[in-house]
Number of protein chains: 2
Amino acid sequence: MGKKVTFSEAKSCPIQFVLALNDTLNVITGKWKLPIIGTMLFNKKRFSEIQKIIPKITPRMLSKELKDLEMNGIVKRTVFDTVPVTVEYELTDSAKALGKVLDKMLEWGLQHRETTLSGSND
Amino acid sequence: MGKKVTFSEAKSCPIQFVLALNDTLNVITGKWKLPIIGTMLFNKKRFSEIQKIIPKITPRMLSKELKDLEMNGIVKRTVFDTVPVTVEYELTDSAKALGKVLDKMLEWGLQHRETTLSGSND
DNA sequence: TATATCGATATACAAAAGTATAGTGCTGTA
DNA sequence: TACAGCACTATACTTTTGTATATCGATATA
């Protein structure tokens, strides 16, 4: 855990940096990942709760994305031995730290809209 | 231009924030956008130069992505009236400011690898 | 008995993103 | 004349991503 590296330095020692950048992209790209993460920002959620919050997502996609996010260390899945089973999803600490990234993305996006996109509405 | 907003606040006033986040995602997602931006980080480049730096990209994709990036205010395209025509691509100021976002993404990615992915190599 | 809830899975399909390969019009050089 | 370089475009295709719709097995409720 150590020295802070910047994007510009990436050119000199790319492989692990490329992988790290890629990891970050993987957990925020796609139509549903951010919406799903958003539902869990302040509380753990159950499958059906997420479905209620994001009505347009199909169970297939929600299931797939949750598995994906779990495999990537973004959500923790806890199964309770009730009948029928109860399953809770919550963000990992690492996922919560994503806020810093999203803040920067938001900041850039707003700046970009102010400066260069002013006029176009897409 | 003004007050700084955080991701957490987005819940209270979402629409424009969602759009801004989306803009940011749009300019960094896809297989080739970051590699292409990378080629122009320190100098303007011509079509064929980018092709040499990223040999695996097809002219179709490079053309498409450059158009896309131009439309989104990330690259500036300058045509010189030579024969045959010379075309130069360079990053806009806004694009250069993306470095801050990428730095955060890199930082998170490295942290995430250190803490939660240690063990898995994908 | 019929229907609803829970957390999903199965199958088939459509749309978006990316690849492969060839060709364009122009000119300068061998 | 033949070929190479420049900045692309055209057509057809494959892969990845997302959608639509139906269903599972267990239980609780009407």
Side-chain angles (χ1 to χ4, degrees), chain A residues 18 21-40 43-72 74-91 122, chain B residues 18 21-40 43-72 74-91 122:
Chain A
V18 170
L21 250 180
N22 224 313
D23 286 350
T24 311
L25 273 174
N26 280 340
V27 306
I28 58 178
T29 57
K31 185 169 180 181
W32 299 114
K33 294 228 177 63
L34 282 186
I36 291 170
I37 290 172
T39 64
M40 291 176 280
N43 296 299
K44 48 184 73 166
K45 287 280 179 315
R46 293 168 59 182
F47 194 92
S48 50
E49 292 181 290
I50 302 177
Q51 278 188 301
K52 268 163 214 151
I53 299 170
I54 314 174
K56 297 197 170 180
I57 198 170
T58 61
R60 182 190 205 270
M61 283 310 285
L62 182 52
S63 176
K64 187 187 149 292
E65 297 291 53
L66 284 171
K67 255 178 209 157
D68 218 87
L69 292 169
E70 193 194 356
M71 283 206 327
N72 284 307
I74 302 304
V75 312
K76 184 171 166 254
R77 182 178 187 266
T78 313
V79 182
F80 295 94
D81 197 9
T82 56
V83 271
V85 284
T86 307
V87 181
E88 276 183 358
Y89 295 93
E90 61 188 309
L91 296 182
D122 52 356
Chain B
V18 170
L21 249 180
N22 224 313
D23 286 350
T24 310
L25 273 174
N26 280 340
V27 306
I28 59 179
T29 58
K31 185 168 182 182
W32 299 114
K33 294 226 177 65
L34 282 186
I36 291 169
I37 290 172
T39 64
M40 291 175 280
N43 296 298
K44 48 183 75 165
K45 286 279 178 317
R46 292 168 61 180
F47 194 93
S48 51
E49 292 182 291
I50 302 177
Q51 277 188 302
K52 268 163 215 151
I53 299 170
I54 313 175
K56 297 196 170 181
I57 198 171
T58 60
R60 183 189 202 269
M61 283 310 286
L62 182 51
S63 175
K64 187 188 149 291
E65 296 291 55
L66 283 171
K67 255 177 207 157
D68 218 87
L69 292 169
E70 193 193 356
M71 283 207 327
N72 285 306
I74 303 304
V75 311
K76 184 170 166 251
R77 181 177 187 267
T78 314
V79 182
F80 295 94
D81 197 9
T82 56
V83 270
V85 284
T86 307
V87 182
E88 277 183 357
Y89 295 93
E90 62 188 309
L91 295 182
D122 53 353

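Note that the structure is predicted; figures quoted are calculated from it, not measured.
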> Are Ser63(A) and dT9(C) close enough that a side-chain N or O sits under 4.0 Å from OP1 or OP2?
Replying inline: yes
>> The side chain of Pro59(A) is closest to which nucleotide in this list: dA7(D), dT27(D), dT9(C)?
In response: dT9(C)
>> Considering every strand and a 4.0 Å limit on heavy-atom distances, what is the contact class for Phe80(A): base, sugar-phosphate, or nothing?
In response: nothing
>> Check this for me, if you would: do Lys33(A) and Glu65(A) make a salt bridge, where the nitrogen-to-carboxylate-oxygen distance has to be below 4.0 angstrom?
In response: yes
> Which nucleotide in the set dG7(C), dA20(D), dT27(D) lies at the smallest distance from any side-chain heavy atom of Thr58(A)?
Replying inline: dA20(D)
>> Checking contacts here: which listed nucleotide (dA7(D), dG18(C), dG7(C)) is nearest the side-chain heavy atoms of Phe47(B)?
In response: dA7(D)
> If each of Arg60(A) and Leu66(A) is mapped to the nucleotide of DNA chain C with the nearest heavy atom, which maps nearer the 5' terminus, i.e. the 5' end?
Replying inline: Leu66(A)
> Taking CD from Glu88(A) and C1' from dA8(C), how many angstroms apart are they, rounded to a whole number?
Replying inline: 17 Å
>> Taking the side chain as everything from C-beta on, heavy atoms only, tell me whether Ile36(A) gets closer than 4.5 Å to Leu62(A).
In response: yes
> Which one, dT27(C), dA7(D), dT19(C), comes nearest to the side chain of Val83(B)?
Replying inline: dT27(C)
>> Nearest 0.5 angstrom please: Asn22(B) CG to Thr29(B) OG1, how far?
In response: 9.0 Å
> How is Lys33(A) classified with respect to the nucleic acid when contacts are heavy atoms under 4.0 Å: base, sugar-phosphate, or nothing?
Replying inline: nothing
>> For a quick test of reading the model: is some side-chain N or O of Lys45(B) closer than 4.0 Å to OP1 or OP2 of dA7(D)?
In response: no
>> Do Ile54(A) and Ile50(A) have side chains that approach each other closer than 4.5 Å (heavy atoms only, starting at C-beta)?
In response: yes
>> I want to confirm an ordering. Mapping Thr29(A) and Pro84(A) to their closest nucleotides on DNA chain D, which one lands closer to the 5' end?
In response: Thr29(A)
>> Using whole Å, what does the distance between atom C1' of nucleotide dA8(C) and atom CD of Glu65(A) come to?
In response: 15 Å
>> Could you tell me how far apart Gln51(A) (CD) and dA20(D) (P) are, to the nearest whole angstrom?
In response: 14 Å
> In whole angstrom, what separates Lys64(A)'s NZ from dG7(C)'s P?
Replying inline: 20 Å
>> So if I take every side-chain heavy atom of Lys52(B) and compare against dC6(D), dA8(C), dG18(C), which nucleotide ends up nearest?
In response: dC6(D)
>> Less than 4.0 angstrom between a side-chain N/O of Arg46(A) and OP1 or OP2 of dG7(C), yes or no?
In response: yes
> CE of Met61(B) versus C1' of dA20(C): gap in Å, rounded?
Replying inline: 13 Å
> Could you give the CD1-to-P distance, from Ile50(B) to dC6(D), as a whole number of Å?
Replying inline: 13 Å
> At under 4.0 Å between heavy atoms, what does Lys56(B) touch on the DNA or RNA strands: base, sugar-phosphate, or nothing?
Replying inline: nothing
>> Please report the distance, rounded to the nearest Å, between CZ in Arg77(A) and P in dC6(C).
In response: 16 Å
> Can you tell if the side chain of Leu66(B) reaches within under 4.5 Å of the side chain of Tyr89(B), non-hydrogen atoms only?
Replying inline: yes
> Atom CD1 of Ile57(A) to atom P of dG7(C): distance rounded to whole Å?
Replying inline: 15 Å
> Does Ser48(B) have a side-chain nitrogen or oxygen under 4.0 Å from the phosphate oxygens OP1 or OP2 of dA7(D)?
Replying inline: yes
> Is any side-chain heavy atom of Glu90(B) closer than 4.5 Å to a side-chain heavy atom of Met40(B)?
Replying inline: no
